[in-house]
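Order of the sequence lines sets the chain letters (A, B, ...), proteins ahead of strands, with each chain counted from 1.
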Number of protein chains: 4
Amino acid sequence: MEYTDKQERILDAAADLFARQPFHKVLLSDVARTAAVGKGTLYLYFNSKEDLYFAVLYREFDNLLTRLKGIAADPALAPDAQLSAIVGELARHFLKKAANMDMQGVVLTCPSTDDWRLRRAELLALIEAIIRRGVAMGMFHDQDPRLTAKYIPGLLRGACHFEPQDTDIEAVSRHAASFVLQGLAGKD
Amino acid sequence: MEYTDKQERILDAAADLFARQPFHKVLLSDVARTAAVGKGTLYLYFNSKEDLYFAVLYREFDNLLTRLKGIAADPALAPDAQLSAIVGELARHFLKKAANMDMQGVVLTCPSTDDWRLRRAELLALIEAIIRRGVAMGMFHDQDPRLTAKYIPGLLRGACHFEPQDTDIEAVSRHAASFVLQGLAGKD
Amino acid sequence: MEYTDKQERILDAAADLFARQPFHKVLLSDVARTAAVGKGTLYLYFNSKEDLYFAVLYREFDNLLTRLKGIAADPALAPDAQLSAIVGELARHFLKKAANMDMQGVVLTCPSTDDWRLRRAELLALIEAIIRRGVAMGMFHDQDPRLTAKYIPGLLRGACHFEPQDTDIEAVSRHAASFVLQGLAGKD
Amino acid sequence: MEYTDKQERILDAAADLFARQPFHKVLLSDVARTAAVGKGTLYLYFNSKEDLYFAVLYREFDNLLTRLKGIAADPALAPDAQLSAIVGELARHFLKKAANMDMQGVVLTCPSTDDWRLRRAELLALIEAIIRRGVAMGMFHDQDPRLTAKYIPGLLRGACHFEPQDTDIEAVSRHAASFVLQGLAGKD
DNA sequence: CATGAATGAGTATTCATTCAT
DNA sequence: AATGAATGAATACTCATTCAT
């Protein structure tokens, strides 16, 4: 599809540039050149620079969420295996793309759009549900699964955010999963 | 001291404004007005808008680090108590000040200045040392204290970053401390 | 040609304004308004205010040089007639345009560029060649035509530079030509 | 005298800096530092930057004028010797100091102050008077000594203005004097 | 007299956005 | 649909000048 193709090219270009520089240093003319489209074309697909910026973040986040939903929906996996898999995905996410992105600058108030709130809520709810299932099965012990759900992405962000080149995904995934499961295992 | 006073006023004003708006929406003229100094005066103390921005972040971070060092140096506290105290400080940090700040955006490549690297390294080393001490005392079990040290700030960031108004510091602190200690307790 | 047209309009506007006021009193916004273009458009054609300034001087000088080359290349004119014609052109040049320009301010060190050095060298070489031809023909006598070539523009600058309104071009041209030819005539 | 000393130091510093850079690139703080006085001190002796600038030009010009008056008043010199001496002074003037000065830019409308007009008029009148005396003695022939007087400074400016390092004052003085005298000698 | 920290009016420059082609 | 030349609102930064010490 011609339309989608062009839109994708723009998003790819923007993702690349926003990952390297903060918002206000990325020029739309650079985005256009990188995407090999005219400057005006950007406005056929996105209403403003901010729009484009959030479209990039959104796509990234959406991809992640889709993968996590797949894991959460897999009936073959026990809660601990699901959590381990999610930890792995999050590690990959933060390490590969969002890492730079986040670090370099969520420049604008991540829009209080319902879209975003809902998206984030979905992510947390998904993790929370797994924890609750584990608790119900007597596998986990947690007084506040809602809170614990918030720890997990943050924890991996902390692990992967800096010095990404020195980070071994597999090692981090394994260690972090073990830490999380340990944290959920104990009688508290 | 007159000099420091003025510098402090500027930093306070800038911290306040940067906390409410993204970098490129904060006008230096607003900073000057809020600080009740002339626009040119800003440049007597900071070389550029970016400079000022990072000075704000830096001061915040520095204050946190100082408090954490106090905890780490307290001989009356066992490793678990130290970790709990640190978790509390981090919660307060992310919730109160950095919350807004961070959320709005680390706008610019957190400068690869050695200053920053060292500062962050100090923070992690401090936490890592406590974990190692706990391991040595048989109180904790951890294959990679370096990595675990990275989890802790991230974890609290995740917990406190969004919906700060709905977050109960004490509850978060207690729960997070318990989660962390649990994670370090188990035989792994 | 649309492009050239716009560039010309900008140069015309700038020439006019720079002729009336010193560099630092000419606002780019005035140039833009006078040229009936947007302020940003100036930067499509010139890199900076300085750039624009020198482009104006350069165009002026270039026009003069072109006319002088025409005179120098005219085979119908003997050296003395050529010199007289050149004196006339220089008088017109200094009186009409460059007069104000020069007086009001050669603000910036112009000569760094090779462009300028070469241009000036061309002008002098052209005059020098005519003198040498006259000397070869036994019409002039001069031990150092290179030096004499330098006198001629300066001499007319001196004559026309001040109180331009009181200056009669034709009278100056005639008198100056006569003075120069006299100076070259004698046995020295 | 302390006062005069300080004023002289400021003028020297300013002369040096204005000679190297155009008006708007010379910072008063640089002038102050070079003169080893406080920035505020400048305003004890000069009312503004422009004032200082013109004071520099004025002092330069005044020194020259004084020397020329000495020559003009010397009863031992015939008009041709006086003109030769004046040519020499002008060459030195343009070569040494004013050269740079002028070249870099008379930035501002050389103030229409009567001071300046009078000063310049004095210079020209002085030369004109010599020419007229020569004409009266039958030594020179000139239809318009007023005009010729204007040529002489300009002519030397042209000779000395560019590539000052390559210019041999003595050679220029001799050649220029000869040229001028030649120009005045002929029956026209 | 001398100072230099403080000032803020003044302006060059940038860059998201538009629209004629 | 696609373009990119043209735009001008928006803003960081400079530097002559002042005045409390």
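- Between Gln21(D) atom CD and dC15(F) atom P there is a gap of 11 Å when expressed in whole angstrom units.
- One atom, CZ of Arg33(A), and another, P of dT3(F), lie 14 Å apart when rounded to the nearest Å.
- In terms of the side-chain contact (heavy atoms from CB on, under 4.5 Å) criterion, residue partners of Asn63(C) (sequence neighbours excluded) are, by chain and number, Arg59(C), Arg67(C).
- Contact record, Ala15(A) with Glu60(A): CB-OE1, 4.4 Å, taken as the closest heavy-atom pair.
- As a whole-Å value, the separation of Leu42(A) CG from dA1(F) P is 14 Å.
- Legend: residues meeting side-chain contact (heavy atoms from CB on, under 4.5 Å) with Asp30(C), ordered by chain and number and at least two apart, are Leu17(C), Leu27(C), Arg33(C).
- Residues passing the side-chain contact (heavy atoms from CB on, under 4.5 Å) test with Arg120(D) are Phe162(C), Leu124(D), Lys150(D), sequence neighbours excluded.
- The side chain of Lys6(B) contributes an N or O atom lying less than 4.0 Å from OP1 or OP2 of dA6(E).
- Summarising the geometry, the separation between CG on Leu44(B) and P on dT14(F) is reported as 11 Å, rounded to the nearest angstrom.
- To the nearest angstrom, P of dA5(F) lies 14 Å from CD of Gln7(C).
- When the ring-ring contact (aromatic ring centres under 6.0 Å, His included) test is applied to Phe61(B), no partner is found at least two apart in sequence or on another chain.
- Between Phe23(A) and His24(B), the ring planes lie tilted relative to each other; the angle falls in the 30° to 60° range.
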Return a single string for nucleotides 13-21 of chain E, one symbol per nucleotide in 5' to 3' order, where B is base contact, S is sugar-phosphate-only contact and - is none, cutoff 4.0 angstrom on heavy atoms.
BBSSBB---
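- Under the side-chain contact (heavy atoms from CB on, under 4.5 Å) criterion, Asn47(B) pairs with Asp51(B), not counting sequence neighbours.
- By the side chain to side chain donor-acceptor pair (under 3.5 Å) test, Tyr43(C) pairs with no residue at all, sequence neighbours left out.
- Secondary structure note: stems in DNA chain F built from 3 or more consecutive Watson-Crick or G-U wobble pairs under 3.5 Å occupy E:2-21 with F:2-21.
- Counting to the nearest Å, the P atom of dT11(E) and the OH atom of Tyr53(C) are 17 Å from each other.
- For the pair Tyr45(A) OH and dA1(F) P, the computed distance is 7 Å after rounding to whole Å.
- Remark: P of dT11(F) and CG of Asp30(B) are 9 Å apart, rounded to the nearest angstrom.
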